[in-house]
**Q** 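I'd like to ask some things about the structure below.
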Amino acid sequence: MPEGDAVHRTAAKLRRALDGHVLTRSDFRVPRHATADLSGRRVLENLSRGKHLLTRVEGDLTVHTHLRMEGSWQIFPARAWLPRGDQVRLVLATAEVQAVGIRLGMVDLLRTADEDRVVGHLGPDLLGPDWDAEEAVARLLRAPERTIGEALLDQRNLAGIGTIYRAETLFLRGVWPWRPVGEVNDLVGLVSLAQRLLEANKDRAGAVTTGDRRQGRERWVYGRAGRPCRRCGGRISRGEMGANPQERLILWCGHCQPR
């Protein structure tokens, strides 16, 4: 699933294509909003909130989308042929371009004043103006017995982190993923590191956490199961965390992240 930095870049792409322009056509290919028509309305702004996208248009309306596992937004010329089949979920067109939502996991149309219905549950956004490390830690500590690995992916605690940045952050802090939240030293330092990692990658494709952008050297543990740890030479382990059906991939070094 795209993480906060990738969603941040998607919002920037939609801003460049749509902000300030009048929609000439909208096509909601989801049953709930199939009859909605936004044509004639100006796009006010596109922004990300954690892993969510909000497209605000005139008339107190917001289009809320979520990419989930396979979704993306693509920009095509106004007269271009669009992908065939049922993969297109939403089209927002202007006189110059078509913004096409492909395989979007969520598509909602609601009043802008009601955005809290879809994003109000989220914790501080790692890439947003509301980022507050102390608030994120306070939310994490509401369940001190929960594993830190599961708690970091709970978007109600902090919004935007996914499996890549979870694994990399815990490795860099030397924290075993199954350690209870209440037993983790310096939670403020941990979430602040996660924020800095996303911030460093928000304007470029691909997560680089080692400081080395060369292919195959970008990350410490993610994508390196069974390979030698870059620090100690031990074997990188791979597993899953979370209760069914919410299991998520986790990678760690048993030596650098001891129990």
Side-chain angles (χ1 to χ4, degrees), residues 1-122 125-131 155 159-160 198-199 201-206:
M1 181 182 296
E3 304 192 25
D5 57 336
V7 178
H8 178 90
R9 289 192 297 274
T10 299
K13 176 167 65 175
L14 290 172
R15 280 196 295 274
R16 291 191 295 269
L18 298 177
D19 279 18
H21 295 279
V22 174
L23 295 175
T24 57
R25 180 169 65 95
S26 68
D27 185 359
F28 288 81
R29 300 185 186 181
V30 293
R32 184 179 178 185
H33 303 298
T35 61
D37 183 7
L38 301 181
S39 59
R41 299 177 187 265
R42 187 177 304 277
V43 178
L44 302 178
E45 60 180 338
N46 282 272
L47 65 154
S48 60
R49 181 78 172 83
K51 300 179 183 180
H52 299 251
L53 289 158
L54 301 172
T55 301
R56 294 170 178 162
V57 300
E58 288 179 327
D60 188 37
L61 291 175
T62 294
V63 180
H64 163 248
T65 58
H66 195 296
L67 305 180
R68 293 235 169 127
M69 294 298 294
E70 299 181 338
S72 66
W73 276 97
Q74 299 180 25
I75 308 301
F76 296 91
R79 298 182 180 277
W81 290 98
L82 299 185
R84 296 182 179 182
D86 61 356
Q87 59 183 316
V88 174
R89 297 286 188 270
L90 173 60
V91 181
L92 298 176
T94 70
E96 294 80 26
V97 302
Q98 300 176 86
V100 182
I102 308 291
R103 299 190 183 94
L104 298 175
M106 298 175 66
V107 178
D108 298 296
L109 179 63
L110 66 161
R111 293 177 61 234
T112 300
D114 295 333
E115 285 178 357
D116 274 359
R117 285 173 39 200
V118 290
V119 296
H121 65 288
L122 298 174
D125 184 353
L126 288 148
L127 292 178
D130 69 320
W131 171 246
Q155 303 298 295
L198 267 79
E199 182 73 26
N201 286 287
K202 69 179 184 180
D203 295 322
R204 64 185 178 212

**Q** Can you tell if the side chain of L54 reaches within under 4.5 Å of the side chain of V63, non-hydrogen atoms only?
**A** no
**Q** Show the numbers, then the answer: is there a side-chain contact (heavy atoms from CB on, under 4.5 Å) between T112 and L44?
**A** CA-CA 11 Å; T112 300; L44 302 178; over 6 Å; no
**Q** If you take all heavy atoms of W73 and A99, which pair is closest and at what distance?
**A** CZ3-O, 3.4 Å
**Q** Mark yes or no for whether R56, through its side chain, and E45, through its backbone, hold a donor-acceptor pair below 3.5 Å.
**A**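 Side chain of R56 to backbone of E45, a donor-acceptor pair under 3.5 Å: no, none is there.
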**Q** Begin with the C-alpha distance, continue with both residues' side-chain angles, and end with the deciding distance and a verdict on salt bridge (charged side-chain N to carboxylate O under 4.0 Å, His left out) for R32 and D108.
**A** CA-CA 8 Å; R32 184 179 178 185; D108 298 296; 3.3 Å; yes
**Q** For the atom pair CG (L47) and OG1 (T62), what is the distance rounded to the nearest 0.5 Å?
**A**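 Nearest 0.5 Å value for the CG-OG1 distance: 8.5 Å.
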**Q** How long is the span from the CG atom in D27 to the CZ atom in R89, to the nearest 0.5 Å?
**A**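 So the gap between those two atoms works out to 12.0 Å.
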**Q** Determine, stepwise, if the pair V30 / L90 fulfils side-chain contact (heavy atoms from CB on, under 4.5 Å).
**A** CA-CA 8 Å; V30 293; L90 173 60; over 6 Å; no
**Q** Where is the tightest heavy-atom contact between A36 and L109, given as atom of each residue plus distance?
**A** CB-CD2, 3.6 Å
**Q** I'd like to know whether V88 forms a side-chain contact (heavy atoms from CB on, under 4.5 Å) with I102, so could you lay out the CA-CA distance, the side-chain angles of the two residues, the decisive distance to 0.1 Å, and finally the verdict.
**A** CA-CA 5 Å; V88 174; I102 308 291; 3.9 Å; yes
**Q** Indicate the ring-plane relationship of H64 and H52, choosing parallel, tilted or perpendicular according to the 30° and 60° boundaries.
**A**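 Plane angle under 30°, so parallel.
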**Q** As a quick check of understanding, evaluate side-chain contact (heavy atoms from CB on, under 4.5 Å) for R25 and Q98, giving each step before the final call.
**A** CA-CA 9 Å; R25 180 169 65 95; Q98 300 176 86; 2.8 Å; yes
**Q** So do H21 and V43 actually touch side chain to side chain, heavy atoms under 4.5 Å?
**A** no
**Q** To check you understand the geometry: which heavy-atom pair defines the closest contact between R68 and P2, and what is its length?
**A** O-CD, 2.9 Å
**Q** How far apart are the closest heavy atoms of L198 and G4, and which atoms are they?
**A** CD2-CA, 4.0 Å
**Q** Any heavy-atom pair between the side chains of I75 and L14 that's under 4.5 Å?
**A** yes
**Q** Find out whether L53 and L67 are in side-chain contact, i.e. whether some heavy atom of one side chain is under 4.5 Å from a heavy atom of the other.
**A** yes
**Q** Please give me the minimum heavy-atom distance between S26 and L38, naming the atom from each residue.
**A** OG-N, 2.8 Å
**Q** Hey, what do you get for CZ (R41) to CG (L92), rounding to the nearest 0.5 Å?
**A** 12.5 Å
**Q** Answer yes when R49 and E115 have at least one side-chain N-carboxylate O distance shorter than 4.0 Å, and no when they do not.
**A** no
**Q** Quick one: CD on Q155 to NE2 on H121, what's the gap to the nearest 0.5 Å?
**A**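 Rounded to the nearest 0.5 Å, the CD-NE2 separation comes to 7.5 Å.
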**Q** Quick test of your reading of the model: are D86 and R29 salt-bridged, counting only N-O distances below 4.0 Å?
**A** no
**Q** Excluding sequence neighbours, so at least two apart, what forms side chain to side chain contact (heavy atoms under 4.5 Å, CB included) with R15?
**A** A11, A12, D19, N46
**Q** Quick one: closest heavy-atom pair of S48 and D125, and the distance?
**A** O-OD2, 3.7 Å
